[in-house]
Amino acid sequence: MAKDFIREIIVRDIENNLYDRPITTRFPPEPNGFLHIGHAKSINLNFSIAEEFGGVCHLRFDDTNPETEDMMFVESIQRDIRWLGYDWGEHLYFASDYYEQLYQFAEELIRRGLAYVDSLSEEEIRAYRGTVTEPGKESPYRNRSVEENLDLFRRMRAGEFPDGAHVLRAKIDMSSPNMLLRDPILYRIKHAHHYRTGDEWCIYPMYDFAHPLSDGIERITHSLCTLEFENNRAIYDWLVDHLIPPPQPRQYEFARLELDYTVLSKRYLRQLVEEGYVSGWDDPRMPTISGLRRRGVTPEAIRAFVERVGVAKTNSRVEIALFEHIIRDDLNYRAPRVMAVLDPLKVVITNYPEDQSEMIEASYWPRDIDKEGSRPVPFSREIFIERSDFSLNPPKGFKRLAPGRSVRLRHAYVITCDEVVQDPQTGEIVELRCTYLPDSLGARPDGVKVWAAIHWVDATRSIPVEVRLYDRLFATPDPYDFPEGGSFLDNLNPNSLTIMSHARVEPSILDDPPDTRYQFERLGYFIQDSEDSRSDALVFNRIITLRDSWTKKQQQVASRPEKTRPRSAPKSRQETPSRTGETASDARARARAQNPDLQAAYEKLQTQVGLSEQQADIITGDLRQVRFFHQAMEVYPKGPALANWFINRLLPAWKDQPLDALPFGGAEFARLVKLVEEGVINTRQGEQVLALMMATGESPEAIVEAEGMRQLRDEATLLAVIADVLAAHPDKVAAYRAGKSGLLGFFMGQVMRVTQGQADPQVVKPLLETALQSDE
RNA sequence: UGGGGGAUAGUUUAAUCGGCAGAACGGGUGACUCUGGAUCACUUAGUCGGGGUUCGAAUCCCUGUCCCCCAGCCA
């Protein structure tokens, strides 16, 4: 079964043999920024679809704006897509390679009178376009001759005019309610150096022109883009239908990915980079692919995430928790466990001989992970533990080290805290003096309460490293939601980076490749920073913390009095007391106001025929409907039943076509309703008959006869059917009796199926309920 | 306000075109644990509102509400 609505469409298109070529998709980035996780969703969609359906996915750079684009971005984009694990094979394209073909398409439109050179200024064009509520005005240049347009356009290309002197526009409709169709601009003059074509061109196509035609040139079948391009589909279709041979590519839109606590828009990301709020496009806090890569997130996690999010048409904002869950899930299996201490507190083990030390063999993997391997960890009289693993006055629920308490040193001995050394001035804890239990290595000591297992490193043989702790870049779930006069930058999290410069890691890591991802036990997942880490000055990035139910609980205690609020405050809504535009009901009311016959019918149907206001309203919006209804009344004067069938069954089934096109009249329709009302056939059968009448024009009686339709309401027969159904689903029967009353619909459905829709549901229902209630 | 889209647990997303509203994440509780991790169990919570059709509606009909996109010579 198809996973989402787009795949559903593709499956249907394939079944209908719509295309003369394999399914072909494309990922069309503009090389003016780095790819981010939102792009990963689109990349995954396009490449996965191509793979699933045995097609191909092109990588095409939509480079139509020389002012913002750069080769550097082309390279980074390719690197990122490859790193994510996708392969476009030989299908690397550039819209800039199509400039000549696109130009020829433009001349073709001019020759066919479908495009013209407009010489209005930018401001005038804007003014002439109108607004969303008012139609635009046609440009005085709109009716230039083909010859003049061709001449002007060629001279535009030749560089005879300065920027902005002319544009090429499609001649569509300046009063279209769709703003994009108000003679969209196809080409503009830009005397700018293009990173690929150099100075060869001084006119450049607009996205709305270049994109659909590039899809056409590449014989794309399904052009997938995000929701904000829904309005652009009209011009997409206009262009490919005029210029591309069938079967043309078609555009489908899905919701772009939005993530809590981050921004996913190139404009904002660029601002963060250019104004120095982050160290670059690949800053590990950035949601860019390169940022996530440097942070240590794997491509598999990113792909798993975008797949879990799904594809739909609802604007949505995914919780960061889902992404974090998937990152942890991925790393849990992948990352060997080692020990590091971020904020060291010295511990002296007073009963461990000063001149002694040992190497403890410690497994890289916890019991629940099915992997082998271990490393030696040095242990001696002086070690470091995490400062936060000790508390002078342990709060309730604190399970770690405290005066007089014992804890397990992970993989090593149990120690007991005997003495706390504090700085006499500041009171700061500078050292713990503990004793260890020599017999506790790999064994549980008798009669000692061991509160927890904590991580540690050897004081002298551990490696000093810098550790960078990253937190979300923004402090609020929706950074775009900032106060009036502010900026999204106001929502930046001031603590998104914490540098631990005195951290220490066990020495075993020196033997590993520098891109090894670790779990530092009890702390989180870490990887060496690919840019800043040097062999004599290691730098680690925290990829993600471990889930931490202890601090979570602590925080809850701290914020207890505050009631949990909804994640985002409801947007302030404006009261719009103004009238709405014309709805369907307004249109019907207007039709009646203009036509006294309709108005008369509206009143008569209510007072004399007994229809509800709503029924009369719908029927009397259109004269043909009224006539049809009157014809029906003459044959079978049961108004309300007729109206129900007319409104709820006939109209929706016939949908968009005019009523006159129906291959039968009101009289036949009335006879169908009569068959149902008199119980000859049931509602479901009535619908089948209606469908056949619409398809064949046969009379209802003939169809009922031919199909052998009748209603089954013999109780003995029905009881037997019910017994069979119940016997076939003992588990469901038990569930129903246990209170799952929704299953009644399931059983009804089964009975209807067995009887091929002939059972009278009104007879079946009470019988079924009785059978279900009675214990066998 | 014209047009184009959308609305299912807190979040994201399913429901074989009228027949059992399901999953994951999150939240909660507990079990287990030499990681307050992982795992496991249980639990919480939903069809935007109002009418109608039907034995039966997330799904069909009517109606209302809310949200998003479009007035760049950006994409």
Side-chain angles (χ1 to χ4, degrees), chain A residues 1 28 30 32 62 64-65 68 122 125-126 129-136 163-164 167 176-180 182 185 187-190 206-208 211 227-234 253 255 260 266 308-310 312-319 321-322 325-326 328 332 337 366-369 399-400 408-412 442 444 450 452-455 519 521-523 546-551 553 566-567 571 573 576 578-581 583-585 612 614-615 617-618 644-645 647-649 651-652 683-684 732 735 740 742-750 752 760-762 764-765:
Chain A
M1 192 181 35
E30 189 195 9
N32 68 348
D62 257 359
T64 55
N65 188 351
T68 58
E122 195 170 340
I125 287 181
R126 204 185 345 269
R129 186 146 39 217
T131 69
V132 288
T133 50
E134 309 154 37
D163 287 9
V167 289
S176 169
N178 180 349
M179 298 294 291
L180 272 316
R182 320 249 258 230
I185 293 171
Y187 269 90
R188 75 282 212 194
I189 302 172
K190 265 184 201 290
M206 299 286 289
Y207 164 87
D208 274 325
H211 186 84
L227 250 27
E228 66 268 27
F229 292 101
E230 275 171 332
N231 298 320
N232 303 58
R233 189 174 61 236
E253 310 87 12
D260 274 356
K266 270 196 278 196
R308 279 278 271 283
V309 165
K313 295 196 75 158
T314 318
N315 290 308
S316 60
R317 180 163 206 96
V318 179
E319 286 180 343
L322 178 62
H325 166 79
I326 286 176
R328 289 188 186 110
N332 177 41
R337 273 60 168 176
R367 273 193 328 281
D368 52 302
I369 291 198
K399 297 206 306 192
R400 310 171 191 179
R408 158 83 59 188
L409 294 174
R410 176 85 168 138
H411 299 300
R444 190 183 300 240
V450 178
I454 65 171
H455 60 276
Q519 184 192 108
E521 290 215 44
R522 303 212 305 135
L523 294 173
L546 255 25
R547 250 184 97 222
D548 185 355
S549 49
W550 168 242
T551 36
K553 200 157 266 175
R567 236 165 27 87
K571 295 249 162 80
R573 64 187 57 155
T576 43
S578 52
R579 338 175 272 280
T580 54
T583 63
S585 82
S612 68
Q614 188 195 91
Q615 290 172 322
D617 174 28
I618 295 168
N644 273 341
W645 271 83
I647 292 166
N648 290 307
R649 311 283 175 181
L651 250 27
T683 313
R684 174 187 291 229
K732 305 273 194 200
K740 193 161 178 176
L743 283 168
L744 186 64
F746 165 78
F747 289 116
M748 280 296 292
Q750 291 298 311
M752 295 307 286
D760 181 344
Q762 307 195 55
V764 173
K765 194 179 186 186

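- At rC74(B), one or more side-chain N or O atoms of Arg188(A) fall inside 4.0 Å of OP1 or OP2 (strictly under the cut-off).
- A distance of about 14 Å separates the P atoms of rG22(B) and rA45(B), rounded to the whole Å.
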*Watson-Crick and G-U pairing of RNA chain B written in dot-bracket, each distance under 3.5 angstrom, with | for inter-strand partners*: .((((((..((((.....[..))))((((((.......))))))...(((((..]....))))))))))).....

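- The side chain of Arg317(A) contributes no N or O atom lying less than 4.0 Å from OP1 or OP2 of rC68(B).
- Taking atom CE of Met206(A) as the reference point, atom P of rA75(B) lies 5 Å away to the nearest angstrom.
- Within the nucleic acid shown, Asn232(A) comes within 4.0 Å of at least one base atom, counting heavy atoms only.
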*Can you check each nucleotide of nucleotides 20-25 of chain B against protein heavy atoms at under 4.0 Å and return B for base, S for sugar-phosphate only, - for none, in 5' to 3' order?*
BSS-SS

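- Judged by distance alone, with hydrogens and angles left aside, Arg400(A) brings a side-chain donor or acceptor within reach of the base of rG36(B), the pair sitting under 3.5 Å.
- Separation of the C1' atoms belonging to rA15(B) and rA24(B) is 15 Å when rounded to the nearest angstrom.
- Between rA7(B) and rU12(B), the two C1' atoms lie 14 Å apart (nearest whole Å).
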*nucleotides 43-55 of chain B: protein proximity per nucleotide (B base, S sugar-phosphate only, - neither; heavy atom, under 4.0 Å)*: --------BBSSB

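- Using a 4.0 Å heavy-atom criterion, one finds that Gly442(A) contacts the bases of the nucleic acid, with or without backbone contacts as well.
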